[in-house]
Protein chains: 2
Amino acid sequence: MKISARVDYGLQAILEIAAAERDMQRVKADEISEKHGIPMKFLESILSDLKRAGLIEGHRGNAGGYNLRKPSEEIVIADVVRAIDGPLASVRGLAPEKATYKGQIAGLTKVWIATRVALREVLEEMSLADILNDEIPTSIAKKLSNKEAWRRRA
Amino acid sequence: MKISARVDYGLQAILEIAAAERDMQRVKADEISEKHGIPMKFLESILSDLKRAGLIEGHRGNAGGYNLRKPSEEIVIADVVRAIDGPLASVRGLAPEKATYKGQIAGLTKVWIATRVALREVLEEMSLADILNDEIPTSIAKKLSNKEAWRRRA
DNA sequence: CCTATTCCTACTAATTTAGTAGGAAATGAG
DNA sequence: CTCATTTCCTACTAAATTAGTAGGAATAGG
């Protein structure tokens with residue numbers, strides 16, 4: 001699974017917006033761009049994805065900037081990923097349940113379904129607020145507690 | 001997460017090889033290509049990835065074809081994915097633990113680590129034999145048992 | 001020696017990803 | 001009411017990746 005630059009940047013951006021939200025502040029694209037080294041114009045196009053998905057709203061002018069459209073508790077990582085990259089899991093462009101196979105290997109479909117469930121179990125369970133507060137749901141904290149989790153594999 | 005055609009085809013191929021293995025049979029690339037509608041030359045290049053990774057071996061000539069180099073119980077889905085597509089999870093080309101962030105959003109790294117763990121929990125636990133026998137590990141069967149698992153989400 | 005099959009090298013076309021460029025529209029401050 | 005600021009919109013481009021093609025050399029068995 002390759003997390004694209006767009007998704008990575010988009011999450012950085014919306015988390016920054018969520019963080020500012022707490023002080024009733026708006027954030028300018030320019031500030032995010034500077035702080036995290038994201039090319040300005042590229043960032044703008046990502047923010048427009050988030051806007052179209054109804055996750056944030058923008059305000060122009062002198063005191064302009066972006067803010068969330070829902071509380072940060074109600075926006076999960078999966079929302080952001082889908083807004084930018086589309087479905088969490090796809091197989092040759094098909095939804096996992098549409099990837100079917102002939103004969104003895106028919107069971108392969110289950111692998112893709114299980115993969116999608118696994119992704120949902122992480123990405124649907126973590127909200128922006130969870131990340132800012134470092135309050136990781138226990139099911140996920142369990143995954144992180146194993147030292148192997150932080151190591152690369154062959 | 002987009003599963004590429006290469007990975008999907010590669011798994012179909014190696015499962016077909018594993019299935020034939022049970023009757024001490026070799027499989028020809030041509031047979032796989034026909035049966036699953038995979039372009040022949042494209043399939044060949046995928047099989048060469050699997051060979052390079054030491055998962056299968058090829059034999060030329062009249063009674064040629066491919067067979068596994070290890071028992072099908074010892075080859076997991078993750079092996080095949082890595083052989084063809086590289087690391088299970090990466091963020092802008094970096095390993096998840098290398099994706100770090102400034103300030104309040106530093107916790108984002110944990111999302112990527114948890115995502116990688118989640119993928120491993122599925123892809124490292126299922127062997128080729130498991131799929132052919134429809135013997136799904138209980139931790140994974142649990143994921144599949146929920147009806148929601150088979151449904152698309154917004 | 002002939003046929004079947006893998007193996008190897010090189011090429012190509014389409015799509016996606018990552019980014020740039022330029023300016024129009026709105027907003028608030030002075 | 002004008003001006004600086006900021007989002008918003010449309011279009012373009014360059015690089016990388018993905019999906020596939022083409023042609024033939026190497027090898028093994030009958």
Side-chain angles (χ1 to χ4, degrees), chain A residues 1-10 12-14 16-17 20 25-34 36-69 81 84-87 90-94, chain B residues 1-10 12-14 16-17 20 25-34 36-69 81 84-87 90-94:
Chain A
M1 158 174 222
K2 283 175 191 151
I3 311 296
S4 65
R6 280 186 88 79
V7 165
D8 186 34
Y9 290 159
Q12 293 180 52
I14 203 170
E16 207 62 59
I17 294 167
Q25 293 278 315
R26 283 179 186 154
V27 184
K28 285 162 214 164
D30 184 49
E31 295 170 347
I32 301 172
S33 166
E34 281 277 305
H36 293 102
I38 304 171
M40 177 62 179
K41 286 294 194 175
F42 192 34
L43 176 60
E44 277 187 353
S45 91
I46 295 164
L47 290 169
S48 94
D49 285 345
L50 299 180
K51 198 160 57 79
R52 183 152 14 88
L55 301 176
I56 63 175
E57 62 190 8
H59 299 272
R60 311 193 219 198
N62 213 324
Y66 293 90
N67 51 261
L68 300 181
R69 270 184 79 176
V81 173
I84 295 171
D85 256 12
S90 68
V91 181
R92 270 186 305 129
L94 301 170
Chain B
M1 158 175 223
K2 283 173 191 152
I3 310 297
S4 66
R6 279 187 89 78
V7 165
D8 186 33
Y9 290 159
Q12 294 181 51
I14 203 170
E16 208 62 59
I17 295 166
Q25 294 278 315
R26 281 179 188 155
V27 184
K28 285 162 214 165
D30 183 48
E31 294 169 348
I32 300 172
S33 166
E34 281 277 306
H36 293 103
I38 304 171
M40 177 63 179
K41 285 294 194 176
F42 192 35
L43 176 59
E44 277 186 352
S45 92
I46 295 164
L47 290 169
S48 94
D49 284 346
L50 299 179
K51 198 160 56 80
R52 184 153 12 89
L55 301 177
I56 63 175
E57 62 190 8
H59 299 273
R60 310 194 219 199
N62 213 324
Y66 293 90
N67 51 261
L68 300 182
R69 270 183 81 177
V81 173
I84 295 171
D85 257 12
S90 68
V91 181
R92 269 185 306 129
L94 300 170

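Because the structure is predicted, anything quoted here is derived from the model rather than measured.
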Proximal nucleotide (of dA19(D), dT21(D), dT6(C)) relative to the Pro39(B) side chain
dT21(D)

Between Lys28(A) and dT5(D), is there a side-chain N or O to OP1/OP2 distance below 4.0 Å?
no

Would you say a side-chain N or O of Lys2(B) is under 4.0 Å from OP1 or OP2 of dT17(C)?
yes

Could you please name the option among dT7(D), dG20(D), dT3(C) that lies closest to any side-chain atom of Tyr9(B)?
dG20(D)

Measuring from the side chain of Ala5(A) (C-beta onward, heavy atoms only), which nucleotide among dC9(D), dA26(D), dA18(C) has the closest atom?
dA18(C)

Find the distance Leu43(B):CG to dT5(C):P and express it as a whole number of Å.
14 Å

Round to a whole Å and report the spacing from CD1 of Ile46(B) to P of dT18(D).
12 Å

Are side-chain heavy atoms of Val7(A) and Val91(B) found at a separation under 4.5 Å?
no

Against the side chain of Asn62(A), the closest entry in dA29(C), dG29(D), dC7(C) is dA29(C)

Above 12 or not: heavy atoms from other molecules or residues under 6.0 Å from CZ of Arg69(A)?
no

In whole angstrom, give the distance that lies between atom CD of Glu57(A) and atom P of dA26(C).
16 Å

When you measure from the side-chain N and O atoms of Tyr66(A) to the phosphate of dC8(D), is any distance below 4.0 Å, counting only OP1 and OP2?
yes

Taking CG from Leu50(B) and P from dT6(C), how many angstroms apart are they, rounded to a whole number?
14 Å

Which nucleotide in the set dG19(C), dG20(D), dC9(D) lies at the smallest distance from any side-chain heavy atom of Lys41(A)?
dC9(D)

Can you tell me how far P of dA15(D) sits from CZ of Arg6(A), to the nearest Å?
19 Å

Phe42(B) atom CZ is separated from dT6(C) atom P, nearest whole Å, by 17 Å

Within 6.0 Å of CD in Glu31(B), more than 12 heavy atoms from elsewhere:
yes

Whole-Å distance separating the CG atom of Leu94(A) from the P atom of dA19(D)
12 Å

To the nearest angstrom, the CD1-C1' distance between Ile84(B) and dT18(D) comes to 13 Å

Checking contacts here: which listed nucleotide (dA19(D), dA26(C), dC8(C)) is nearest the side-chain heavy atoms of Ser4(B)?
dA19(D)

Quick one: does Arg60(B) reach the base of dT27(D) with a side-chain donor-acceptor pair under 3.5 Å?
no

